[in-house]
Amino acid sequence: MTDGGLPPYLEVLNAEQRRAVLHTGKPLLILAGAGSGKTRVITTKIAWLIREKGLAPQSILAVTFTNKAAREMAQRARMIDERAADAMLRTFHSFGAWFLRRNGKFAGLDSGFVIYDDDDMISLLGTIMKGEPKMEVKRTAYNISRAKDYFLAPDDPALAMIDGSKRFRTLYAGYEEKLAATGNVDFGDLIKKPVEILRAEPVVAQRFRERFSVIMVDEYQDANVAQFALLKELCGENTYVCVVGDDDQSIYRFRGAEVKNILQFPDKFSGTDIIRLESNYRSTSPILKTASSVVDHNRGRLGKTLRAERGTGMQPVLAFLPDQDEEVNFAAELIGNSVKAKNKQSRWSDWAVLYRTNAQSLGFETEFLRRGIPYKVIGSLKFYEREEIKDALALLSFLVNPRDEVAFRRVVNKPARGLGAVTVDRLIEAGAERGSSLLETAKTEMEGLSAKAKKGIAAFIKVMEDGKALLEKPPEANGTNGKNGKSAAAKKKSRGAKDADALVSGEGLSVCVTQMIKDSGIAEYHLVQDEIMGNQRINNLQELVNAASLYAGTAEGLLEFLEHIELDRSLEDSSLAGKTPQDGDTAAAEDKVTLITFHNTKGLEFRKVIMTGLEQGVFPREDKKDDELEEERRLFYVGATRAMDELYLSSCAMRRMYGRTLPVDPSVFLREVETSCLRIVGKAPRGFGAARQSQAWAGGSGKNAAYGGNGGAAETGGWRRGQRLFHDDYGYGAVAEVRGSDEGPVVRAQFETGREVRFLADHQGAAYVKISDDA
DNA sequence: TAATCGATCTTTTTT
DNA sequence: AGATCGATTA
């Protein structure tokens with residue numbers, strides 16, 4: 001490789017990258033820092049294996065964690081060699097689904113299963129935990145998910161690490177039983193079940209080990225225990241394994257990701273070679289220093305030194321702002337001025353606004369809309385979580401799998417068909433007893449029901465059978481190329497014309513989808529809702545119909561459609577994004593500011609990044625400590641290293657939380673960051689910069705007091721320690737502490753209910769009534 | 001049985 | 001501010 005005869009696509013790599021691409025034989029762990037060209041290495045390696053090593057593309061498996069990453073990888077590999085299109089590039093979950101469609105029978109699974117999302121999981125669990133508070137059900141569902149991430153069965157002693165109680169084991173086992181009865185799987189099963197099958201069926205395992213001679217895993221630091229087990233099972237004697245990751249970017253611990261996987265990879269795969277990619281080509285050095293100086297506070301890292309190949313650049317800016325409205329203005333001004341500047345150096349799409357929680361996007365959306373700043377919100381649009389969409393999908397899921405209890409419960413009595421909870425429960429119980437599908441059960445069990453219920457269930461059955469008939473005999477294939485779907489729908493209701501106009505079917509599967517939504521009455525139900533509430537539900541349903549038109553109008557097409565929706569929900573919000581009214585620019589459709597959570601930025605890069613909400617309680621969240629605080633630090637690192645040229649950090653003195661505006665402290669990360677490389681603007685809070693007391697924060701025990709000095713002698717607005725007070729919401733209480741701040745006295749009060757409240761005497765004091773002791 | 005009102009509580013990240 | 005739970009009413 002040192003001679004001059006390298007092909008151009010290898011020539012562009014640096015020495016470390018090239019070493020990683022050309023490495024063969026032993027297992028390989030690539031520790032790739034942010035912006036070190038890791039995707040380039042993987043894609044180049046795929047192409048190289050095909051071109052130079054003559055490997056069959058089908059024998060290469062590359063696994064990622066997001067669909068976006070999988071798509072990008074496929075595209076970039078194909079740019080080097082078109083044959084890469086035949087390599088298997090999938091997310092872990094999509095690989096698991098693919099595996100189970102073919103081999104699920106070894107685990108008693110029919111190939112027509114549907115994938116339950118978290119909500120479906122909660123619904124199903126809710127039927128076991130009847131009458132318990134929803135939070136409890138959610139917590140249990142969460143724990144079951146974690147258990148599956150750790151590959152733990154209900155009877156595994158190690159379940160203690162999550163919840164070892166008898167109660168939890170019973171619920172987990174009960175849930176598994178019920179899930180099996182529906183014939184469906186949840187997200188965790190997509191990993192767990194393939195592992196079980198591979199372990200139990202040597203013939204199947206052998207087949208896969210022979211099929212894939214190369215397996216690569218991207219973002220390996222986010223792999224959980226079950227995913228590691230899957231990798232291990234897929235690797236045979238001669239499989240070449242290569243994993244790429246960065247322990248500093250592990251941010252999915254809450255979902256079972258185990259940094260241990262990457263730390264211990266060399267132990268689990270003996271003879272592992274390690275290659276480090278430490279040249280950062282993305283960010284300027286001050287940006288890199290900002291990011292590193294924070295994550296340096298973490299213990300238990302593999303440790304690496306990133307070199308900024310781009311050299312120095314603009315100093316990152318740290319802005320202290322009064323409140324979140326000012327933060328929104330700050331971002332809007334910054335972006336607007338930069339884009340509208342004479343030299344035209346900046347486009348909207350150069351910019352990204354980062355926040356910790358999706359809820360924080362709202363303020364930016366509102367203001368950007370007002371100012372005509374085009375933007376797109378990544379990830380927050382929960383299109384598939386909308387009620388009307390879930391209704392429609394439940395209809396379709398039930399059509400695919402008539403044992404789907406969750407879907408059945410959702411739509412059998414929607415709109416109201418006179419089937420109460422009691423009736424529905426009875427039907428499901430009867431179905432379970434004789435092990436037949438809920439559709440069959442409904443048919444045969446009708447006699448015992450009231451006239452009203454009988455009529456209702458008959459209508460529901462009809463919807464399903466008509467839908468099924470349409471899939472088996474699509475109108476196109478029939479030769480009767482009439483108005484799609486109308487034939488069946490039109491006669492049903494006299495008012496049918498209303499929703500028939502509102503929903504228009506197109507090609508392929510959309511014919512069936514439209515008919516089901518209309519016939520079931522779901523369309524009309526939501527049309528009425530739209531009229532009452534002024535919603536966009538019919539439009540949303542139309543969007544679902546449009547998406548369906550890309551799939552074949554057959555049972556297989558429907559299954560594909562559902563699987564695609566279940567596994568890739570990354571529809572980007574395009575409807576709400578603002579348009580610049582002045583210049584009717586049509587070409588620049590994608591030139592928009594990105595609004596995005598820190599988590600969602602992983603793998604992305606932007607020229608200019610604004611990290612917002614750097615306050616205690618927001619980022620990091622207040623309840624984070626130890627390991628979890630370290631994960632928040634990594635999140636900071638991920639966010640900051642997205643920036644190529646410019647980085648801005650904003651921190652507010654006050655923030656609206658819990659529907660109330662409260663003073664907040666700057667993020668602990670702002671005390672850890674190497675401030676010498678920052679430019680501070682705005683009113684820095686007291687104690688910041690000069691006498692920094694980072695030790696007090698690191699200690700964690702001392703509640704606050706590290707901040708804000710001691711304005712005790714100053715004005716207290718008449719508040720003093722021990723003063724009793726009353727508040728409409730909180731009831732009676734007493735003042736625990738009064739201290740100064742730039743916004744005037746801050747009162748901390750303890751209420752009888754146990755609630756502790758902090759408020760600014762000058763701004764919010766009016767809501768609190770002082771009570772005299774002698775009254 | 002369904003809808004509605006009011007009180008109470010909790011606010012993350014996602015394949 | 002929004003979701004959720006429970007009780008009360010049509």
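Just so it is clear, the values below take in all heavy atoms, side chains as well, and ignore hydrogens, waters and symmetry mates. Bear in mind that the values here come from a model prediction, so they are computed numbers and not experimental data. All chains are named by letter (A, B, ...) in the order of the sequence lines, taking the proteins before the strands, and each is independently numbered beginning at 1.
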For this session: Kindly state whether the pair Phe187(A) / dT15(B) counts as stacked, where counting means centroids closer than 5.5 Å and planes tilted less than 30° apart.
Result: yes

Exercise. Could you state the CZ-P distance from Phe598(A) to dT13(B), rounded to the nearest angstrom?
Worked result: 13 Å

For this session: Provide, to the nearest angstrom, the distance between the CG atom belonging to Asp627(A) and the P atom belonging to dT12(B).
Result: 21 Å

For this session: Heavy atoms under 4.0 Å is the rule here; annotate nucleotides 1-10 of chain C 5' to 3' with B where the base is hit, S where only the sugar-phosphate is, and - elsewhere.
Result: B--SS-----

Exercise. Between dT15(B), dA2(B), dT14(B), which one does the side chain of Thr91(A) approach most closely?
Worked result: dT15(B)

Exercise. Which part of the nucleic acid, if any, lies within contact of Asn413(A), taking any heavy atom under 4.0 Å across all strands shown: a base, the sugar-phosphate backbone alone, or nothing?
Worked result: sugar-phosphate

For this session: Let me know the distance between NE2 of His599(A) and P of dT12(B), rounded to the nearest Å.
Result: 13 Å

For this session: Take atom CG of Asp149(A) and atom P of dT13(B), then tell me their distance rounded to the nearest Å.
Result: 18 Å

For this session: Looking at every strand, decide which applies to Phe65(A) at a 4.0 Å heavy-atom threshold: base, sugar-phosphate, or nothing.
Result: sugar-phosphate

For this session: Using side chain to side chain donor-acceptor pair (under 3.5 Å) as the criterion, list what pairs up with Asp425(A), not counting sequence neighbours.
Result: Arg409(A)

Problem set entry | Listed partners of Lys260(A) passing side chain to side chain donor-acceptor pair (under 3.5 Å), at least two apart | none

Problem set entry | Contact nearer the 5' end of DNA chain B, comparing Ser94(A) with Thr357(A) | Thr357(A)

Seminar exercise, completed: Whole-Å distance, Tyr252(A) OH to dT14(B) P, equals 6 Å

Problem set entry | Nearest-angstrom distance, C1' atom, dC5(C) to dT12(B) | 23 Å

Exercise. When the distance from CG of Asp119(A) to P of dT14(B) is rounded to whole Å, what number comes out?
Worked result: 14 Å

Problem set entry | Qualifying ring pair (Phe, Tyr, Trp, His ring centres under 6.0 Å) pairs, either residue in residues 127-152 of chain A, two or more places apart | none

Exercise. dT14(B) phosphate, OP1 or OP2: any side-chain N/O from Thr597(A) under 4.0 angstrom?
Worked result: yes

Exercise. What distance, rounded to whole Å, do you find between the two C1' atoms, one in dT13(B) and one in dT4(C)?
Worked result: 22 Å

For this session: Please list, chain by chain and in numerical order, all residues satisfying ring pair (Phe, Tyr, Trp, His ring centres under 6.0 Å) with His297(A), sequence neighbours excluded.
Result: none

Exercise. Using 30° and 60° as the class limits, which term best fits the ring planes of Phe619(A) and Phe669(A): parallel, tilted or perpendicular?
Worked result: perpendicular

Exercise. Taking only N and O in the side chain of Asn600(A), is any of them less than 4.0 Å away from OP1 or OP2 of dT14(B)?
Worked result: yes

Exercise. Quick one: side chain to side chain donor-acceptor pair (under 3.5 Å) partners of Asp163(A), sequence neighbours excluded?
Worked result: Ser165(A)

Exercise. Think Asn358(A) has a side-chain N or O under 4.0 angstrom from the OP1 or OP2 of dT12(B)?
Worked result: no

Exercise. Is the side chain of Asn261(A) donor-acceptor paired with the backbone N or O of Ala223(A) at a distance under 3.5 Å, no angle test?
Worked result: yes

For this session: Take the protein atom CD1 of Ile596(A) and the nucleotide atom C1' of dT14(B), then report the distance between them rounded to whole Å.
Result: 13 Å

Exercise. How is Asp117(A) classified with respect to the nucleic acid when contacts are heavy atoms under 4.0 Å: base, sugar-phosphate, or nothing?
Worked result: nothing

For this session: Among the candidates dT13(B), dT15(B), dA2(B), find the nucleotide nearest to the side-chain atoms of Arg255(A).
Result: dT15(B)

Exercise. Distance-only, no hydrogens or angles: does the Glu615(A) side chain make a donor-acceptor pair with backbone N or O of Cys652(A) under 3.5 Å?
Worked result: yes

Seminar exercise, completed: Rounded to whole Å, CD of Glu615(A) lies from P of dT12(B) at a distance of 16 Å

Exercise. Starting at the 5' end of DNA chain B, which residue's closest nucleotide do you reach first, Ala416(A) or Glu632(A)?
Worked result: Ala416(A)

